[in-house]
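To start, the structure under review is shown below, and the notes come after it.
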There are 2 protein chains.
Amino acid sequence: MRYADTILEIIASSHSHMTAEQIFFALKQQYPSVVLATVYNNLNSLYAQEKIRKISVAGYPDRYDKNTRHDHLVCRRCGSLLDIHLSDLTQELERQTGFAIEGYDLKIRCLCPQCRAKEQAAHQAYESQDL
Amino acid sequence: MRYADTILEIIASSHSHMTAEQIFFALKQQYPSVVLATVYNNLNSLYAQEKIRKISVAGYPDRYDKNTRHDHLVCRRCGSLLDIHLSDLTQELERQTGFAIEGYDLKIRCLCPQCRAKEQAAHQAYESQDL
DNA sequence: ATTGGAATTAGAATAATTCTAAATTTGGTG
DNA sequence: CACCAAATTTAGAATTATTCTAATTCCAAT
């Protein structure tokens, strides 16, 4: 895992949530000979060690994130992600489910500002059309 | 959308969480000439109308579920899903995020009973080996 | 009957990811 | 240092899930 630390740094220092391909291009800046499969190998290994998180949203490639406890806002229109720090639900979920849980993944569906603007524009175009 | 209602019924009456392919085979019982692309067309349309939910877990094909409010237990080892009815977090999430949210998706990571048994067996084999 | 629009079909295409086998690198040992 | 074994990387083929395209079929309204 010669590249594992560099990949961890790329993920840690990114404010976006990068796909395997984006990480691949970032890594290529430093190691031009590296190959996408290696990135997948490293990401899978880091994920298995729980050093990174993997975020799956239907319709989008998997994205990777640092493994700190936080939740995500997901735009229902463009799929963009935003970290959000909410209070930890583990205790409450254990109380409600009645057993020890290993963790959880909370995605909040919303509209990002750009998409909100686009939807409003579309809505107004519709409203003002001749009927 | 000639098959939409049948697909809805298949999803509603299934206690598992079916993949597009499983739904395709179930639908084929009644309509042997139907084709996988049609199932995807119907599922995408039902999903766009919010009549069904789509569940994405990294490493597994998307699965579909009825669109009632409930959460999911996800086995971290085999990916199996189980519905669980927890109290609605919308209010609390709106309070914490400070804006109107459209919904959320909560997956609780755990080990299903079968996988727990397997992990224990593996653990005991490891413990009892000659060192 | 005829037509138009929507849905379905078949199958090719695409995208993401994994797999396989060969080559390379690494670390330990004599 | 030289060698070996193990682990990692590489290249590229393969697989899987899903979407796309174009042709066909279905159905409802003339």
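Labels below follow one simple rule: chain letters A, B, ... track the order of the sequence lines, proteins then strands, and each chain is numbered from 1.
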Original post:
Who passes side-chain hydrogen bond (donor to acceptor under 3.5 Å, both in side chains) against A/S80, sequence neighbours left out?
Top reply: none

Show me the protein contacts with nucleotides 5-7 of chain C, counting only N or O atoms at under 3.5 Å.
residue: C/dA7; atom: O3'; partner: B/M1; partner atom: N; Å: 2.9
residue: C/dA7; atom: O3'; partner: B/R2; partner atom: N; Å: 3.4

Subject >> Residues that B/A26 engages under side chain to side chain contact (heavy atoms under 4.5 Å, CB included), provided they are two or more places apart >> reply: B/I10, B/M18

Original post:
With A/F24, which residues qualify under side chain to side chain contact (heavy atoms under 4.5 Å, CB included), at least two apart?
Top reply: A/K28, A/V34, A/L36, A/V39

Original post:
Does the pair B/R76/B/E119 count as a salt bridge with the N-to-O cut at 4.0 Å?
Top reply: yes

**OP:** Would you mind listing every side chain to side chain donor-acceptor pair (under 3.5 Å) that reaches into residues 4-15 of chain B, with sequence neighbours excluded?
**Re:** B/S14-B/S16

Subject >> Distance below 4.0 Å between B/S33 side-chain N/O and C/dT8 OP1 or OP2 >> reply: no

Subject >> Partners passing side chain to side chain contact (heavy atoms under 4.5 Å, CB included) against B/T68 (at least two apart in sequence or in another chain) >> reply: B/K66, B/H70

**OP:** Please name all residues satisfying side chain to side chain contact (heavy atoms under 4.5 Å, CB included) with A/I84, sequence neighbours left out, ordered by chain then number.
**Re:** A/D71, A/L73, A/L86, B/T97

What does the list of N/O pairs under 3.5 Å between the protein and nucleotides 14-22 of chain D look like, with a distance for each?
residue: D/dT18; atom: OP1; partner: B/D62; partner atom: N; Å: 3.3
residue: D/dT18; atom: OP1; partner: B/D62; partner atom: OD2; Å: 3.2
residue: D/dT18; atom: OP2; partner: B/Y40; partner atom: OH; Å: 2.5
residue: D/dT18; atom: O5'; partner: B/Y40; partner atom: OH; Å: 3.4
residue: D/dT19; atom: OP2; partner: B/N44; partner atom: ND2; Å: 3.2

Acceptor/donor pairs from residues 107-114 of chain A side chains to any protein atom, 3.5 angstrom cut, sequence neighbours excluded:
residue: A/K107; atom: NZ; partner: A/S56; partner atom: O; Å: 3.1
residue: A/K107; atom: NZ; partner: A/D105; partner atom: OD2; Å: 3.3
residue: A/R109; atom: NH2; partner: B/E102; partner atom: O; Å: 3.1

Original post:
To the nearest angstrom, how far is A/L43 atom CG from C/dA16 atom P?
Top reply: 14 Å

